[in-house]
Amino acid sequence: MDTLIEVKEIVKTYKKRKSNEKILAVDHVSFQVKRGEVLGLLGPNGAGKTTTIKTICGLLSPDSGTVLINGIDIRKKRLKALHHISAVLEGNRNLYWRLSVLENLEYFAGNRGFSRKEMRPLIEKYLHHFRLEQKRNELVNRLSRGMQQKLAIAVALLAGTDAILLDEPTLGLDVETGYEVRDLLRYVAKEEGRTIIISTHDMPVVQDLCERTVIINNGKVVVDDRVENLLKLFESRAYSITLNKPLTETQQQLLMHRFPLLNYSTESHQSLLQVNLEQSEDIYELIDILKSDQTPIESIDRTQIQFEQVFMKIVKEGKEHALV
């Protein structure tokens, strides 16, 4: 796959309100997005992720560095570069709320230079595929949040761009609609071959849809790797231990101090301890802590780690060697 989007050493600072002090929001961020790839762009609040997203979309101009979209420098030829990317920003800001579903699709298709007659078959296709047929004449401000989100994605797709950037596509959706949106994005990626950048705090979405993730923290890229590689790396360290009696307060304090506990719970006469071990030989120290109060062990198993746990550890470490 060739490179469709290239972010090269972008830097962005802001002035503090009522002060001359500057805040470095993005600090020489660089990464690439391949054509046809589904990339997760992640980061905690205040990490520089939103500034990076707005820079890619052409809503902000960096202090230095460049963003190339299909080889076009967005700072030099903004409109030409943006011809290759569309975005669905948080809050469905790419919709007109006093127009109907059909009118929104026709209006934004016209904005891209397409005629109503030319786009009618594609509009009907998306109305059907996104299950919006029965709502075609409904005003957007009367739709549920899930319906609005699906329409916003359909509007972005109508632009016919090579890439689509989605900011929090499942935020505020109920579980059923969230899964439906995931299925739609999977369709967009696989059947239409679009390049997708997903910015989200919904880690199951990343694990389910994204091939690769870029994590930004404190204005810097701290991880750029395939999701499966990160899961494999952390999976080898995660253990689930079933105990036949609860841990003592002393044991809990020792474990909390020595190991990053993922979870500890008690039920009836058994306790479940989930722990992340940095080194394979750490298992012996863990056993010693359990032996200190003669805590009986029922079983020790490797656990299937979730991407949310990977993300939280990376953010907590806050540096590139978090994965070493």
Side-chain angles (χ1 to χ4, degrees), residues 1-7 32-41 53-59 67-97 99-133 135-136 140 143 147-169 180-199 209-211:
M1 295 187 291
D2 60 324
T3 299
L4 178 63
I5 298 171
E6 186 173 6
V7 178
Q32 297 180 349
V33 187
K34 301 294 184 182
R35 195 176 296 274
E37 184 176 29
V38 181
L39 175 79
L41 182 59
I53 291 168
K54 289 182 177 180
T55 303
I56 295 173
C57 293
L59 298 175
V67 175
L68 302 178
I69 302 178
N70 203 35
I72 303 166
D73 190 332
I74 198 169
R75 298 180 74 181
K76 296 178 180 178
K77 299 181 179 180
R78 182 177 180 273
L79 292 180
K80 188 175 180 180
L82 293 180
H83 182 73
H84 297 276
I85 188 169
S86 52
V88 179
L89 301 177
E90 185 185 341
N92 303 322
R93 283 172 282 182
N94 61 328
L95 298 178
Y96 278 113
W97 286 50
L99 294 180
S100 70
V101 168
L102 180 60
E103 288 168 340
N104 265 277
L105 291 167
E106 291 176 339
Y107 174 79
F108 284 104
N111 265 2
R112 288 279 182 165
F114 302 113
S115 70
R116 183 179 302 181
K117 182 178 179 181
E118 179 185 9
M119 295 302 291
R120 175 63 67 176
L122 190 56
I123 287 175
E124 291 298 327
K125 171 188 171 182
Y126 285 141
L127 284 172
H128 171 73
H129 196 78
F130 283 52
R131 298 180 186 176
L132 292 168
E133 288 173 305
K135 300 290 184 179
R136 66 169 62 229
V140 168
L143 297 177
M147 289 282 187
Q148 292 170 2
Q149 188 70 340
K150 290 194 294 181
L151 177 59
I153 295 171
V155 164
L157 290 175
L158 274 179
T161 57
D162 300 311
I164 178 171
L165 194 155
L166 302 163
D167 186 19
E168 299 290 357
E180 188 177 353
V181 169
R182 281 197 223 178
D183 288 339
L184 289 171
L185 296 179
R186 193 176 290 108
Y187 164 82
V188 171
K190 292 185 177 180
E191 301 300 323
E192 298 199 355
R194 306 287 185 109
T195 302
I196 301 178
I197 302 174
I198 301 175
S199 170
L209 296 177
C210 297
E211 302 157 23

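The structure presented is a predicted model; accordingly, all values stated were derived computationally and were not measured.
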- Can you find a heavy atom in the side chain of Glu103 that is under 4.5 Å from one in the side chain of Tyr96? no
- Quick one: pull up CG in Leu4 and CZ in Arg35 and give me the separation to the nearest 0.5 Å. 4.5 Å
- Query: So which heavy atom on Thr161 is nearest to which on Ala163, and how close?
  - Reply: OG1-O, 2.8 Å
Cut-off 3.5 Å, no hydrogens considered: what does the side-chain donor-acceptor table look like for residues 152-160, sequence neighbours left out?
none

- Message: To check you understand the geometry: which heavy-atom pair defines the closest contact between Ile85 and Ile69, and what is its length?
- Response: CG2-CD1, 3.7 Å
- Message: Arg186: which residues meet the side chain to side chain donor-acceptor pair (under 3.5 Å) condition with it, sequence neighbours left out?
- Response: Asp183, Asp208
- Message: Do Leu99 and Asn104 have side chains that approach each other closer than 4.5 Å (heavy atoms only, starting at C-beta)?
- Response: yes
- Item | Separation between CE of Met119 and NZ of Lys125, rounded to the nearest 0.5 Å | 10.5 Å
- Item | salt bridge (charged side-chain N to carboxylate O under 4.0 Å, His left out): pairs with one or both residues in residues 75-87, sequence neighbours excluded | none
- Item | Within-4.5 Å side-chain heavy-atom neighbours: Ile198 and Pro169 | yes
- Mind checking whether Ile5 and Leu39 have side chains closer than 4.5 Å, heavy atoms only? no
- Rounded to the nearest 0.5 Å, what's the gap from CG on Leu82 to CG on Asn70? Could you check? 12.0 Å
- Task: Any side chain to side chain donor-acceptor pair (under 3.5 Å) involving residues 188-198? Give me the pairs, sequence neighbours left out, ordered by first then second residue.
- Result: Tyr126-Glu192, Glu192-Arg194
- Message: So Leu151 and Leu105, do their side chains get closer than 4.5 Å, heavy atoms only?
- Response: yes
- Any chance you could measure Ile53, atom CD1, to Leu166, atom CG, to the nearest 0.5 Å? 10.0 Å
- Item | Test item: Lys34 and Thr3 side chains (from C-beta on) under 4.5 Å apart, heavy atoms | yes
- Item | Non-hydrogen atoms of Ile196 and Leu185 that approach each other most closely | CD1-O, 3.7 Å
- Query: Closest approach of Val38 and Ala189, non-hydrogen atoms and distance?
  - Reply: CG2-CB, 3.6 Å
- Item | Inter-residue atom distance Leu95.CG - Gln148.CD, 0.5 Å rounding | 7.0 Å
- Interatomic spacing from CD1 in Ile123 to CG in Leu102 - rounded to 0.5 Å: 6.0 Å
- For Met147 and Leu143, which heavy atoms make the closest approach, and how far apart are they? CB-CB, 3.8 Å
- Message: To check you understand the geometry: which heavy-atom pair defines the closest contact between Asp167 and Leu89, and what is its length?
- Response: CB-CA, 3.9 Å
- Who passes side-chain contact (heavy atoms from CB on, under 4.5 Å) against Leu184, sequence neighbours left out? His129, Phe130, Lys150
Check residues 106-115 and write down every donor-acceptor pair under 3.5 Å in which the side-chain atom is one partner and the other belongs to a residue at least two apart or another chain.
{"unit_1": "Glu106", "atom_1": "OE2", "unit_2": "Arg120", "atom_2": "NH2", "d": "2.8"}
{"unit_1": "Ser115", "atom_1": "OG", "unit_2": "Glu118", "atom_2": "N", "d": "3.0"}

